[in-house]
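Worksheet: one structure, shown below.
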Protein chains: 2
Amino acid sequence: MPEDGKPLGGHIKVTREDWLAAALHVLIHDGVDQVKVLTLSARLGVSRSSFYWYFGNRQDLLDALLDHWQNTNTAALIAQAETPARTVTAAICNVHKCVVNTELFDTALDFAVRDWARRSDKVRRALDLSDARRLAALAEMFRRYDYPRSEAEARARVLYFMQIGYDLAQLGETPQQRLRFAPDYLQVFTGRDPDPEALEDFRAYTAQYWTLDEDGART
Amino acid sequence: MPEDGKPLGGHIKVTREDWLAAALHVLIHDGVDQVKVLTLSARLGVSRSSFYWYFGNRQDLLDALLDHWQNTNTAALIAQAETPARTVTAAICNVHKCVVNTELFDTALDFAVRDWARRSDKVRRALDLSDARRLAALAEMFRRYDYPRSEAEARARVLYFMQIGYDLAQLGETPQQRLRFAPDYLQVFTGRDPDPEALEDFRAYTAQYWTLDEDGART
DNA sequence: GAAAATCTGGACAGAAGTGTCCAGAATTTG
DNA sequence: CAAATTCTGGACACTTCTGTCCAGATTTTC
């Protein structure tokens with residue numbers, strides 16, 4: 001049975017991707033220090049020896065995790081920032097959509113890496129570089145809507161760090177639930193009158209995450 | 001020599017506070033998982049046995065660290081939010097001063113606890129409670145300057161999470177260095193014309209952290 | 001200054017993790 | 001289907017950390 005990779009005998013087969021997926025899960029939920037060969041092998045129901053076929057050692061796995069992060073989140077956010085939109089409001093809504101959409105951007109992974117960076121110089125450098133690139137892309141986005149350079153940079157910082165801080169604090173909400181508040185912030189982010197059309201579009205997009213209570217208020 | 005607690009013999013005496021201080025340092029710089037009895041004893045130049053005189057086990061130490069955090073940062077921020085100021089701008093400047101002033105508020109500790117909360121339900125609950133209290137205090141602060149309730153709450157979130165995200169991202173700057181940018185954000189935070197007097201006061205306060213380059217620009 | 005209370009060092013037992021080696025199971029190739 | 005390749009299980013050696021016990025050093029008390 002080579003198809004499903006799970007033959008009948010006592011030997012259970014796993015792929016390199018299985019190890020990576022398990023490591024990613026533990027990294028996000030429990031932090032780097034908990035990404036251990038022993039723990040992962042238990043999760044996968046396989047012996048530790050298998051791990052050393054796919055990876056030289058634990059550090060190789062950690063390096064692979066960092067690579068994975070670099071090739072996903074940062075690329076997605078920058079691509080979104082560079083996508084043209086009709087108004088600033090619309091552009092900001094799109095950035096919000098991107099960060100909330102777990103297909104494109106894994107918020108939890110981003111924070112796990114941020115934690116990790118506090119303990120590893122290598123990760124710290126990778127993160128600093130990514131932050132700088134993301135900020136530059138966002139500043140450039142504001143620039144396209146005729147904000148002066150210094151204001152564009154300031155607003156990029158507000159938008160980016162606000163997003164970060166928001167998710168970091170968590171407050172028991174999921175990223176989707178937090179979207180409820182996003183429309184309220186749009187004017188704060190732009191410093192201009194909101195674009196009603198973009199606002200309505202965003203409201204429609206985020207509506208799928210809302211539920212209405214008895215008074216009709218968003219909850 | 002009971003005074004300095006460092007007698008001549010091979011026995012080196014440490015206090016419970018020494019253990020706590022060492023643990024705090026490791027918690028901030030390396031994360032909870034690195035707060036180990038063995039590591040701390042090495043830092044203090046004392047044997048592990050001493051630790052078990054002051055603490056029942058490792059978990060007791062961690063509990064003490066959480067207590068310490070609860071009795072410092074949250075109290076300081078709330079007290080500052082409740083202190084009257086002439087204008088919103090001035091009030092926000094004071095909050096900034098409080099968070100930056102390491103005597104009152106240990107930013108690094110706050111983030112270490114935030115990391116920790118991702119791995120411990122007990123810490124998670126303590127953090128959620130503190131965040132809610134801090135946010136409520138900040139919203140109340142905006143309320144005193146005649147913002148409608150919903151806007152006051154939104155602005156409290158922007159201010160609080162912005163501060164958090166700002167520090168989290170770090171970007172190689174110290175909290176003090178980051179103060180340079182604060183005046184640029186004041187209008188974003190208030191949505192009103194800045195109070196020039198408060199602004200000037202804040203500028204003077206933060207000036208001590210600036211250095212001027214050859215062109216006279218803040219660096 | 002002797003007795004009592006405090007505190008530390010060192011030895012011991014054990015849990016948990018890493019990395020290596022190699023027989024041999026499972027799969028693919030010829 | 002036999003041979004070659006790919007991958008896993010189990011045993012071994014080693015390291016790091018936790019927690020316990022207790023003799024005895026140090027300080028405090030009377």
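Atoms considered below: every heavy atom in the structure, side chains included; atoms not considered: hydrogens, waters and symmetry mates. Residue numbers start from 1 in every chain, and the chains themselves are labelled A, B, ... in the order their sequence lines are given, proteins ahead of strands.
- Residue B/L40 contributes atom CG, which lies 14 Å from atom P of C/dT8 at whole-angstrom precision.
- To the nearest angstrom, P of C/dG9 lies 10 Å from OH of B/Y54.
- End-to-end axis angle of the helix from C/dG1-D/dC30 to C/dG30-D/dC1, using five pairs per end and rounding to 10°, comes to 10°.
- Within 4.0 Å of A/S50, counting heavy atoms only, lie sugar-phosphate atoms of the nucleic acid but no base atom.
- Remark: A/D128 engages A/R124 in a salt bridge, criterion side-chain N to carboxylate O under 4.0 Å.
- Atom-to-atom, CZ of B/F55 to P of C/dT8 comes out at 12 Å; the value is rounded to the nearest Å.
- One can place CH2 of A/W53 at 14 Å from P of D/dG9, the figure rounded to the nearest angstrom.
- Applying the side-chain contact (heavy atoms from CB on, under 4.5 Å) test to B/T15 and every residue at least two apart in sequence or in another chain returns B/E17, B/D18.
- In terms of the side chain to side chain donor-acceptor pair (under 3.5 Å) criterion, B/N57 has no residue partners (sequence neighbours excluded).
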**Request:** Start with the C-alpha gap between B/D63 and B/K122, add the side-chain angles, then the distance that decides, and say whether side-chain contact (heavy atoms from CB on, under 4.5 Å) holds.
**Result:** CA-CA 9 Å; B/D63 290 345; B/K122 182 193 284 184; 3.0 Å; yes
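- Every residue two or more places apart in sequence or in another chain that forms a ring-ring contact (aromatic ring centres under 6.0 Å, His included) with B/F142 is listed here: B/Y147.
- Of the residues in residues 20-28 of chain A, not one comes within less than 4.0 Å of DNA chain D through any heavy atom.
- Considering only residues two or more places apart in sequence or on other chains, A/A85 meets the side-chain contact (heavy atoms from CB on, under 4.5 Å) condition with A/A90, A/A91, A/N94, A/Y145.
- Sorted by first and then second residue, the pairs that involve residues 21-45 of chain A and meet salt bridge (Lys or Arg N to Asp or Glu O under 4.0 Å), not counting sequence neighbours, are A/D33-A/R119.
- When the ring-ring contact (aromatic ring centres under 6.0 Å, His included) test is applied to B/F105, no partner is found at least two apart in sequence or on another chain.
- Note on residues 66-80 of chain A: pairs passing side chain to side chain donor-acceptor pair (under 3.5 Å), not counting sequence neighbours, are A/W69-A/D110, A/N73-A/D110, A/T74-A/S130, A/T74-A/R134.
- Every residue two or more places apart in sequence or in another chain that forms a side-chain contact (heavy atoms from CB on, under 4.5 Å) with B/R58 is listed here: B/V37, B/L62.
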For nucleotides 17-23 of chain D, 5' to 3', base contacts (B), sugar-phosphate-only contacts (S) and non-contacts (-) with protein non-hydrogen atoms under 4.0 Å give SBBBB--
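- Residues satisfying the side-chain contact (heavy atoms from CB on, under 4.5 Å) criterion with B/A23, sequence neighbours excluded, are B/V35, B/L40, B/L61, B/L65.
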